Amino acid sequence: MGTVFSFDIRDKPTPAIHRALAEAVRHLHRVDAVFSTYRPDSHISRLDRGEIRLQDCPPEVHEVLSLCARATHASDGWFSIVPAGTLDPSGLVKGWATEAASQLLHDAGAHHTCVNGGGDLQLRGRAAPGTPWRIGIAHPLRPGELATVITAHHDLAVATSGTAERGAHILDPHRGTPATAYASLTLVGPRLTPTDTYATAAFARGDGAQSWVEALDGYEALAVLPDGREWRTSGFHRHES
């Protein structure tokens with residue numbers, strides 16, 4: 001998927017947790033083999049080129065494309081898997097894969113974890129007894145500085161879309177041009193799969209993003225504009241230290 005994953009597990013290690021961690025790593029490699037747009041032999045690349053049909057793909061391809069269709073509908077088309085004319089569900093796949101890896105650990109008894117998929121995080125439990133997870137959000141315009149620190153008092157997903165790491169890579173799906181209204185947009189919500197897609201959609205939406213996120217139940221956002229100005233949705237402060 002062209003990115004780095006990490007696991008931070010604060011529970012006492014058990015054989016079941018060790019097995020779940022190994023399974024989570026295998027899961028991520030499988031997701032990469034099926035969905036990577038960087039690999040010409042992946043199912044998603046072959047599907048895009050018309051070499052295979054959807055029914056020839058593993059069942060998770062149908063699941064992901066169905067989730068993408070839901071995200072497209074929920075975002076009024078601002079989330080798209082064909083923004084540049086080619087099939088690319090990576091705006092959902094990374095969050096979906098990270099959340100699934102987190103669930104594998106949780107099912108095995110690891111209830112205090114942070115799974116980080118390229119800067120998008122699924123947090124569960126606490127960093128230590130009585131100590132919540134604290135996540136620094138890099139400032140997109142000031143290298144080495146933080147825009148804010150998010151404190152997770154309960155299970156939480158954090159996803160950031162922006163230009164600092166990969167340049168203007170998010171496209172306005174209605175125009176096919178790079179979205180440039182924000183330097184970064186961070187979204188918090190309960191689960192990473194929708195949080196990741198909504199962060200992408202809000203970033204692509206631009207000027208209307210704040211009111212759109214305000215209308216979403218259970219989600220809050222912080223945006224940094226290219227000139228350094230910021231806005232927060234009304235409840236975002238509840239997640240800040």
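Since the structure is predicted, the reported quantities are computational estimates derived from the model, not experimental observations.
- Note: Cys114 SG to Leu121 CG = 4.5 Å, rounded to the nearest 0.5 Å.
- Applying the side-chain hydrogen bond (donor to acceptor under 3.5 Å, both in side chains) test to residues at least two apart or on different chains, the pairs with a partner in residues 73-91 are Asp76-Arg205, Asp88-Ser90.
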### Task
Please lay out, stage by stage, how Leu21 and Glu23 fare under the test side-chain contact (heavy atoms from CB on, under 4.5 Å).
CA-CA 5 Å; Leu21 178 58; Glu23 176 58 29; over 6 Å; no
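- By the side-chain contact (heavy atoms from CB on, under 4.5 Å) test, Arg39 pairs with Asp32, Ala33, Ser36, Asp41, Ser42, sequence neighbours left out.
- Here the closest heavy-atom approach between residue Thr98 and residue Gly117 is recorded as OG1-CA, 3.6 Å.
- Closest approach of Asn116 to Gly119, counting heavy atoms only: OD1-N, 2.7 Å.
- With sequence neighbours excluded, the residues that form a side-chain contact (heavy atoms from CB on, under 4.5 Å) with Ala223 are Tyr182, Leu185, Trp231.
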### Task
Please assess Val93 against Val31 for the test side-chain contact (heavy atoms from CB on, under 4.5 Å), listing each intermediate value before the final yes or no.
CA-CA 8 Å; Val93 166; Val31 168; 3.5 Å; yes
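- In this structure the side chain of Glu230 reaches within 4.5 angstrom of the side chain of Leu222, judged on heavy atoms.
- Thr113 places a side-chain heavy atom less than 4.5 Å from the side chain of Ser102.
- Leu123 and Phe7 are not part of a single hydrophobic cluster, where members link through side-chain heavy atoms under 4.5 Å apart.
- In this structure, Glu240 pairs ionically with Arg232, as a charged nitrogen and a carboxylate oxygen lie closer than 4.0 Å.
- In this structure, Asp11 and Ile17 have side chains that are in contact, with non-hydrogen atoms separated by less than 4.5 Å.
- In this structure the side chain of Ser241 reaches within 4.5 angstrom of the side chain of Arg134, judged on heavy atoms.
- For the pairing with Glu99, the salt bridge (Lys or Arg N to Asp or Glu O under 4.0 Å) check across Lys94, Arg124, Arg191 returns one residue only, Arg191.
- Under the 4.5 Å side-chain criterion, counting only non-hydrogen atoms from C-beta, Val213 is not in contact with Glu220.
- Between Pro89 and Phe35, the shortest heavy-atom contact is CG-CD2, 4.3 Å.
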### Task
May I have the step-by-step check of side chain to side chain donor-acceptor pair (under 3.5 Å) for Gln210 and Thr233, ending in yes or no?
CA-CA 6 Å; Gln210 185 172 2; Thr233 52; over 6 Å; no
### Task
Take Cys57 and His62 through the side-chain contact (heavy atoms from CB on, under 4.5 Å) test and state the conclusion after the steps.
CA-CA 8 Å; Cys57 296; His62 184 272; over 6 Å; no
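- Looking only at atom types and distance, the side chain of Glu60 has no donor-acceptor partner in the side chain of Trp96 under 3.5 Å away.
- Taking Arg49 as the reference, Glu51 meet the side chain to side chain donor-acceptor pair (under 3.5 Å) condition, with sequence neighbours excluded.
- Every ring pair (Phe, Tyr, Trp, His ring centres under 6.0 Å) that Tyr198 has, sequence neighbours left out, goes to Trp212, Tyr219.
- Rounding to the nearest 0.5 Å places NE2 of His112 at 14.0 Å from NZ of Lys12.
- Hydrophobic cluster membership is shared by Leu92 and Leu87, with clusters built from Ile, Leu, Val, Met, Phe, Trp and Tyr side chains linked at under 4.5 angstrom.
- Under the 4.5 Å side-chain contact rule for hydrophobic residues, Leu216 and Ile150 do not share a cluster.
- At distances below 3.5 Å, at least one donor-acceptor pair connects side-chain atoms of Thr72 with backbone N or O atoms of Phe79.
- The two atoms that bring Ala181 and Leu225 nearest to each other are O-CG, 4.0 Å, heavy atoms only.
- Leu65 is listed as a side-chain neighbour of Leu47, based on a closest heavy-atom distance under 4.5 Å.
- Counting heavy atoms from C-beta on, the side chains of Leu156 and His154 come closer than 4.5 Å.
- Side-chain heavy atoms closer than 4.5 Å link hydrophobic residues (I, L, V, M, F, W, Y) into clusters, and following such links, even through other members, never connects Leu104 to Val115.
- No side-chain heavy atom of Val34 sits under 4.5 Å from any side-chain heavy atom of Ile44.
- Taking each heavy atom of Ser184 and Pro140 in turn, the nearest pair found is OG-CG, 3.4 Å.
- Taken to the nearest 0.5 Å, the NE2 atom of His43 stands 11.0 Å off from the CG atom of Leu54.
- Every ring pair (Phe, Tyr, Trp, His ring centres under 6.0 Å) that His106 has, sequence neighbours left out, goes to His111.
- Atom CG of Leu187 and atom CZ of Phe236 lie 8.5 Å apart (nearest 0.5 Å).
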### Task
Mind running salt bridge (charged side-chain N to carboxylate O under 4.0 Å, His left out) on Asp48 and Arg46 for me, showing each step along the way?
CA-CA 5 Å; Asp48 180 53; Arg46 295 172 62 204; over 6 Å; no
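- Closest non-hydrogen pair, Ala204 versus Ala179, comes out as CA-CB, 3.9 Å.
- A continuous path of ILVMFWY side-chain contacts below 4.5 Å connects Phe5 to Leu105, so both sit in one hydrophobic cluster.
- Applying side-chain hydrogen bond (donor to acceptor under 3.5 Å, both in side chains) to Thr160 and the options Thr186, Asp196, Asp120 leaves one that passes, Thr186.
- More than 12 non-hydrogen atoms from other residues, nucleotides or ligands lie less than 6.0 angstrom from CG of Asp227.
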### Query
Is there a side-chain contact (heavy atoms from CB on, under 4.5 Å) between Ile170 and Thr200 once you walk through the steps?
CA-CA 7 Å; Ile170 297 174; Thr200 301; 4.3 Å; yes
